[in-house]
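For reference, the structure discussed in these notes is given below.
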Amino acid sequence: MAQTQSPRCRRVGILGYGQLGRFLALQLQSRGPPLGFTLAFVWSRGGVEGLPPPLRLGDLRLLPQTGVDLVVEVAHPEVIREHGEKILAHADLLVGSPTVLADPEVERRLREAAKGGGHTLYVPRGALWGCEDIRRMDEAGTLASLKVTMTKSPQSFRLEGHLRELLEAAMAAGGPVVLYDGPLRPLCPLAPNNVNTMAVAAVAAPRLGFDGVRARLVADPGVPDCHVVEVEVTAVGDEGRALSVTTVRRNPASPGAVTGTATRDTFWDSLRACHGHGGCVQLC
Ligand SMILES: NC(=O)c1ccc[n+]([C@@H]2O[C@H](COP(=O)([O-])OP(=O)(O)OC[C@H]3O[C@@H](n4cnc5c(N)ncnc54)[C@H](O)[C@@H]3O)[C@@H](O)[C@H]2O)c1
């Protein structure tokens, strides 16, 4: 498991070896050390072919022996639900699947584990444009409402429950269909891989949180090669007058992919900001 490295390098473990995991593992190997990061291991249910054996972790129970400083989850929300607390007892944790935080019990346990262990629970901003501004407005108590609309091609969705049936009907209909419009919390378990950007919004605006952020999910065959994220913010401005901001981000994506290509770069930027912020929750 041990790898030759500068003593100042943070050892990074990656959970998941799909689009994001492979990209981050490559970046860490090729560009990490001068930036103070080195790849410690990769663990994934689907195997980690192509990596040299010292970089493969077969069993997550061996994590404490790896001397890892930062664990990056880019696998599935269930991985955080099952292992998040134990990881935070040993290392900082970047949660790439923040939809899991819509479960209040998971959020509570992870926040407590971070505080108790002195390790940071990082939430990467992903495709959420204006994340820092939203956080500041929430902190100042001026944020009044936050609505996030995500529009993707029907093939880009991985849905659960009744949303699956709605999606099938939408595909048969052929045009754009609103799959969901309402509070974010109940949507997260129904679309765990598709609404991470919305979950980041709830973390950035804890006064609104998963119950106060409004979520709108649209299937549209007219956008086969990108994911569109529209963020609508209203805040109380000077003399009580409303301030409003709307941003629209068109994130290029391969047809049918759940992850946009620009998201890989944002995740790498987020990882590089994880220098250890102590026992708290930190957007990065
Ligand atoms: N925060 C964001 O803005 C954002 C953006 C894109 C993707 N994501 C999330 O990041 C995660 C990874 O995305 P991706 O595009 O790389 O996905 P992917 O499907 O390409 O890869 C997922 C990898 O995790 C592994 N895996 C899946 N379930 C697992 C489990 N239960 N236990 C162990 N390994 C498991 C798979 O074998 C695969 O190696 C997903 O949960 C996705 O929803 C978040």
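As the structure lists them, so they are numbered: ligands from 1, and atoms in each ligand from 1. Along the sequence shown, residues are numbered consecutively beginning with 1.
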Report summary line: Numbered in order shown, the ligand 1 atoms found under 4.0 Å of a heavy atom of P98 are 1 (N)

Report task. Apply salt bridge (charged side-chain N to carboxylate O under 4.0 Å, His left out) to the pair E112 and K115, showing each step before the final yes or no. Result -> CA-CA 5 Å; E112 277 180 12; K115 209 169 161 187; over 6 Å; no

Query raised in the report: Are T234 and S145 close enough that a side-chain donor and a side-chain acceptor fall under 3.5 Å?
Result: yes

Query raised in the report: In the protein, which heavy atom is nearest to atom 32 (N) of ligand 1, and how far is it?
Result: V79 CG2, 3.4 Å

Report summary line: Separation between CG (L63) and NE2 (H83), nearest 0.5 Å, reads 10.0 Å

Query raised in the report: Is the Lys NZ or Arg CZ of R264 less than 6.0 Å from the centre of F23's six-membered ring, within 45° of the axis?
Result: yes

**Report entry** atom 41 (O) of ligand 1: the protein heavy-atom neighbour that sits closest, reported with distance to 0.1 Å
**Finding:** S97 OG, 2.7 Å

Query raised in the report: ligand 1 and N196, any nitrogen or oxygen pair closer than 3.5 angstrom?
Result: yes

Report task. For ligand 1, note which part of L20 has a heavy atom under 4.0 Å away: side chain, backbone, both or neither. Result -> both

Query raised in the report: Between atom CZ of F41 and atom CZ of R11, what is the distance when rounded to the nearest 0.5 Å?
Result: 9.0 Å

Query raised in the report: Looking only at N/O atoms, are R125 and ligand 1 under 3.5 Å apart anywhere?
Result: no

Report summary line: atom 7 (C) of ligand 1: closest protein heavy atom, distance to 0.1 Å, is T259 OG1, 3.2 Å

Query - Ring centroid separation Y180 to H162 under 6.0 Å - result: no

Query raised in the report: Which residue holds the protein heavy atom closest to atom 12 (C) of ligand 1, what is that atom called, and what is the gap in Å?
Result: V74 O, 3.2 Å

Query raised in the report: Is V248 linked to V218 within one hydrophobic cluster, defined over Ile, Leu, Val, Met, Phe, Trp and Tyr using a side-chain heavy-atom separation of less than 4.5 Å?
Result: no

Requested in this report: May I ask you to list the atoms of ligand 1 that are less than 4.0 angstrom from any heavy atom of W43?
Outcome: 32 (N), 33 (C)

Query raised in the report: Under 4.0 angstrom from ligand 1, any heavy atom of F23?
Result: no

**Report entry** Any donor-acceptor pair under 3.5 Å from R185 side chain to A102 backbone
**Finding:** yes

Report task. Treat each ILVMFWY residue as a node, draw an edge where side-chain heavy atoms are under 4.5 Å apart, and state whether W43 and L62 are in one component. Result -> yes

Query raised in the report: Is there a nitrogen or oxygen of G96 sitting under 3.5 Å from a nitrogen or oxygen of ligand 1?
Result: yes

Query raised in the report: So, for L243 and V245, which heavy atoms are closest and what is the spacing to 0.1 Å?
Result: CD2-CG2, 3.9 Å

Query - Residue selection (non-hydrogen contact nearest atom 36 (C) of ligand 1) among G18, S44, A191 - result: S44

Query raised in the report: Is there a donor-acceptor contact under 3.5 Å linking the side chains of S156 and S153?
Result: yes

Query raised in the report: For E132, does the CD atom have more than 12 heavy-atom neighbours from other residues, nucleotides or ligands under 6.0 Å away?
Result: yes

**Report entry** Best match, R45, R22, E78: closest heavy atom to atom 31 (N) of ligand 1
**Finding:** R45

Requested in this report: Using a 4.0 Å heavy-atom cut-off, say whether T263 meets ligand 1 through its side chain, its backbone, both or neither.
Outcome: side chain

Requested in this report: Just let me know how A199 lines up against ligand 1, side chain, backbone, both or neither, with a heavy-atom cut-off below 4.0 Å.
Outcome: neither

Query raised in the report: Identify the closest protein heavy atom to atom 20 (O) of ligand 1: which residue and atom is it, and at what distance?
Result: Q19 N, 2.9 Å

**Report entry** For atom 3 (O) of ligand 1, the protein heavy atom that lies nearest, with its residue and separation
**Finding:** G126 CA, 3.6 Å

Query raised in the report: With no hydrogens and no angle check, do the side chains of S254 and D225 hold a donor and an acceptor under 3.5 Å apart?
Result: no

Query raised in the report: What atoms of ligand 1 come closer than 4.0 angstrom to any heavy atom of N193?
Result: 40 (C), 41 (O), 42 (C), 43 (O)

Report summary line: So CZ of R10 and CG of L271: to nearest 0.5 Å the spacing works out to 9.5 Å

**Report entry** Nearest protein heavy atom under 4.0 Å from atom 16 (O) of ligand 1, yes or no
**Finding:** yes

Query - Y17: numbered ligand 1 atoms lying under 4.0 Å from its heavy atoms - result: 23 (C), 38 (C), 39 (O)

Query raised in the report: Nearest to atom 26 (N) of ligand 1, what protein heavy atom do you find, and at what distance?
Result: A75 CB, 3.9 Å

Query raised in the report: Under 3.5 Å between some N or O of ligand 1 and some N or O of E73?
Result: no

Query raised in the report: Atoms of ligand 1 less than 4.0 Å from G46 heavy atoms?
Result: 37 (O)

